[in-house]
Amino acid sequence: MTDAAKFTPRVLSGIQPSGGLTLGNYLGAMKRFVEMQDESGLETLYCMVDLHAITVWQDPAALTRNTRELAAGYIAAGLDPAKSILFNQSQVPEHAQLAWIFNCVARMGWMGRMTQWKDKAGKNSENASLGLFAYPALMAADILIYHATHVPVGEDQKQHLELTRDIAMKFNHDYGVDFFPITEPVIEGAATRVMSLRDGSKKMSKSDPSDMSRINMTDDADAIAKKIRKARTDPDPLPATTDGLRDRAEARNLVNIYAALAETSPQAVLEEFGAGTQFGTFKPALAELAVEKLSPISAEMARLMDDPAEIDRMLADGADRAREIAHPILKRTYEIVGMVGA
Ligand code: AMP
Ligand code: TRP
């Protein structure tokens with residue numbers, strides 16, 4: 001199937017409003033969202049996936065606040081409601097409606113193999129929500145309800161995007177149509193997998209119990225500097241080439257973060273500092289760069305959060321625009337499936 005020809009390029013991605021934004025979300029996802037928005041010829045939709053967030057318990061007041069804060073983060077990072085469609089998932093009911101169809105397309109075995117499910121449900125899967133198990137079918141619906149062709153995400157979402165392709169292929173095959181595109185993941189940049197500052201084998205996450213493990217987008221300059229100063233490294237200095245970082249997860253992580261913030265490559269960072277540079281020198285430079293890049297974003301987020309009604313208006317407008325695309329695609333899906341009255 002030649003999707004590129006049949007489907008107009010359209011970008012969709014989402015972030016869960018399940019806690020504060022981290023540097024991992026920013027470098028792995030949001031920064032790329034802005035770059036794709038500003039590339040000509042691409043229609044871009046970005047959502048706050050509140051229906052995904054509640055697959056694990058969310059305090060209602062916190063969910064409301066986190067959704068608005070994420071919207072503020074999108075705008076502060078450079079997403080423009082005049083260029084991109086920004087909305088929260090639950091305001092566009094077509095996501096949940098298509099997700100039901102996909103629940104009937106996806107197989108239990110596919111879902112059971114998802115590593116995020118295995119990690120999050122752990123040994124206590126009997127007690128996990130049914131929504132957590134079905135999570136990737138809803139994610140496929142988020143994407144395919146717009147016939148999105150490109151999805152910028154961090155490395156951890158690769159498997160879910162493969163499943164999205166499997167769902168589209170099975171639907172097209174079962175119903176004998178060429179209706180849903182086979183979406184391309186866009187996993188690019190120097191920091192597609194930002195690791196914890198305390199443990200180079202774990203990804204930086206908003207749900208890590210240790211706040212020292214992550215940089216939050218709302219951290220002030222002192223907190224950022226302290227977290228980077230205390231970040232785990234090994235005793236060796238910077239090597240000459242990225243090959244020398246291969247078995248040094250913590251050191252590699254800091255170099256990658258620097259490269260992503262400076263919009264350059266890890267190799268260029270090593271050349272700029274020079275082989276033999278100690279972390280005692282590199283860490284303050286990294287802290288300074290992080291503060292320079294992140295503090296305007298957090299200041300703008302705080303300013304936007306002073307007017308939640310304006311955020312809500314912006315999201316309502318985004319949802320209206322999203323529904324204009326989603327509604328006819330859902331209607332056509334119902335017709336294909338054979339539902340009377342579609
Ligand atoms: P989540 O916070 O799980 O909803 O993730 C939102 C987006 O941020 C997804 O595209 C993730 O892949 C990306 N992301 C989350 N954590 C990281 C990380 N540590 N490094 C790179 N990307 C990340
Ligand atoms: N599962 C993604 C995450 O946790 C969030 C997400 C939900 C998403 N729906 C999406 C990402 C659609 C891209 C496209 O990071």
Side-chain angles (χ1 to χ4, degrees), residues 10-33 36 44-56 58 63 66-67 69-70 73-74 77 87-90 92 95-96 98-99 102 114-117 119-120 131-132 134-165 167-168 183-208 213-217 249 252-253 256-257 259-261 322 326:
R10 186 177 280 152
V11 178
L12 176 125
S13 197
I15 298 183
Q16 301 183 65
S18 52
L21 278 167
T22 70
L23 181 67
N25 294 134
Y26 177 63
L27 295 178
M30 247 160 59
K31 195 164 177 298
R32 296 288 300 134
F33 296 1
M36 294 188 85
T44 44
L45 296 106
Y46 298 114
C47 53
M48 291 109 239
V49 289
D50 48 6
L51 297 174
H52 277 109
I54 62 163
T55 57
V56 297
Q58 302 294 326
L63 180 67
N66 288 332
T67 304
E69 193 175 272
L70 180 54
Y74 275 177
F87 63 102
N88 63 314
Q89 187 189 31
S90 59
V92 181
H95 289 237
L98 184 62
F102 287 171
M114 293 293 112
T115 56
Q116 182 175 300
W117 156 254
D119 291 348
K120 282 202 179 178
L132 188 66
Y135 178 117
L138 176 60
M139 178 163 164
D142 298 338
I143 297 166
L144 296 173
I145 195 66
Y146 303 103
H147 279 182
T149 54
H150 295 84
V151 180
V153 281
E155 179 72 38
D156 61 336
Q157 294 304 310
K158 199 170 170 196
Q159 196 186 29
H160 285 157
L161 291 179
E162 280 159 12
L163 187 102
T164 299
R165 294 162 66 96
I167 289 177
T183 306
E184 289 295 331
V186 181
I187 304 174
E188 287 170 0
T192 55
R193 190 168 169 78
V194 178
M195 307 310 286
S196 154
L197 300 177
R198 305 303 304 160
D199 176 350
S201 69
K202 286 203 308 206
K203 76 165 184 174
M204 183 181 285
S205 161
K206 43 189 141 187
S207 56
D208 193 308
S213 71
R214 65 180 158 260
I215 293 175
N216 306 299
M217 293 304 285
R252 185 173 66 237
N253 189 38
N256 287 350
I257 292 174
L261 287 169

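Side chains are part of it too, since the values below use all heavy atoms of this structure and drop only hydrogens, waters and symmetry mates. Remember, predicted model here, so these are calculated numbers, not experimental data. Both ligands and their constituent atoms are indexed starting at 1 by order of listing.
Counting heavy atoms closer than 4.0 Å to ligand 2, residue Asp156 contributes nothing at all. Within the 4.0 Å heavy-atom criterion, the part of Ile143 lying near ligand 2 is the side chain and not the backbone.
Which parts of ligand 2 touch Val153 is read off a 4.0 Å heavy-atom cut-off, strictly below it: atoms 11 (C), 13 (C). Counting atoms of ligand 2 from 1 in the listed order, those under 4.0 Å from a heavy atom of His52 are 7 (C), 9 (N). Ligand 2 places these atoms under 4.0 Å from at least one heavy atom of Leu12: 12 (C), 14 (C). In the vicinity of Val49, heavy-atom distances shorter than 4.0 Å reach the ligand 2 atoms 7 (C), 9 (N). Below 4.0 Å from some heavy atom of Val151 lie the following atoms of ligand 2, by number and element: 13 (C), 14 (C).
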Go ahead and list the nitrogen or oxygen contacts between ligand 1 and the protein that come in under 3.5 Å, distances to 0.1 Å, or just say none.
residue, atom, partner, partner atom, Å
ligand 1, 2 (O), Asn25, ND2, 3.0
ligand 1, 2 (O), Lys206, NZ, 2.9
ligand 1, 4 (O), Gln16, N, 2.9
ligand 1, 5 (O), Asn25, ND2, 3.4
ligand 1, 8 (O), Asn25, ND2, 3.1
ligand 1, 10 (O), Gly154, N, 3.1
ligand 1, 12 (O), Gly154, N, 2.8
ligand 1, 12 (O), Asp156, OD1, 2.4
ligand 1, 19 (N), Val194, O, 2.7
ligand 1, 19 (N), Met204, O, 2.9
ligand 1, 20 (N), Val194, N, 2.8
ligand 1, 22 (N), Gly24, O, 3.2

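Within the 4.5 Å cutoff, the side chain of Leu70 has heavy atoms near those of the Leu21 side chain. Counting heavy atoms from C-beta outward, Leu161 and Met139 have side chains that approach closer than 4.5 Å. At a threshold of 4.5 Å between non-hydrogen side-chain atoms, the residues Phe87 and Leu45 count as touching. Residues Val153 and Ser13 form a side-chain contact, since some pair of their non-hydrogen atoms from C-beta on lies under 4.5 Å apart. A 4.5 Å side-chain heavy-atom check between Ile187 and Glu155 finds at least one atom pair inside the cut-off. Using a 4.5 Å cut-off on side-chain heavy atoms (C-beta onward), Ile15 and Lys206 make contact.
Scanning all protein heavy atoms for the shortest distance to atom 2 (C) of ligand 2 gives Gln157 OE1, 3.3 Å.
For ligand 2, the polar-atom distance check against Gln16 finds a nitrogen or oxygen pair separated by under 3.5 Å. When only interatomic distances are considered, the shortest N/O to N/O separation between Tyr135 and ligand 2 falls below 3.5 Å.
Heavy-atom minimum distance, Ala326 versus Tyr146: CB-CE2, 3.8 Å. When all heavy atoms of Thr183 and Pro185 are compared, the closest pair comes out as O-CD, 3.7 Å. Considering all non-hydrogen atoms of both residues, Phe33 and Tyr46 come closest at O-OH, 2.8 Å.
Under the side chain to side chain contact (heavy atoms under 4.5 Å, CB included) criterion, Thr55 pairs with Ser129, Leu132, Tyr135, sequence neighbours left out.
Of the candidates Val11, Asn25, Asp142, Val186, the one placing a heavy atom closest to atom 9 (N) of ligand 2 is Asp142. Between Ser13, Gly28, Ala53, Gly14, it is Gly14 that holds the heavy atom closest to atom 5 (C) of ligand 2.
The residues Arg214 and Asp208 are annotated as not salt-bridged, no charged nitrogen and carboxylate oxygen being separated by less than 4.0 angstrom.
Inspection of the Gln116 and Asp156 side chains reveals no N or O donor paired with an N or O acceptor under 3.5 Å.
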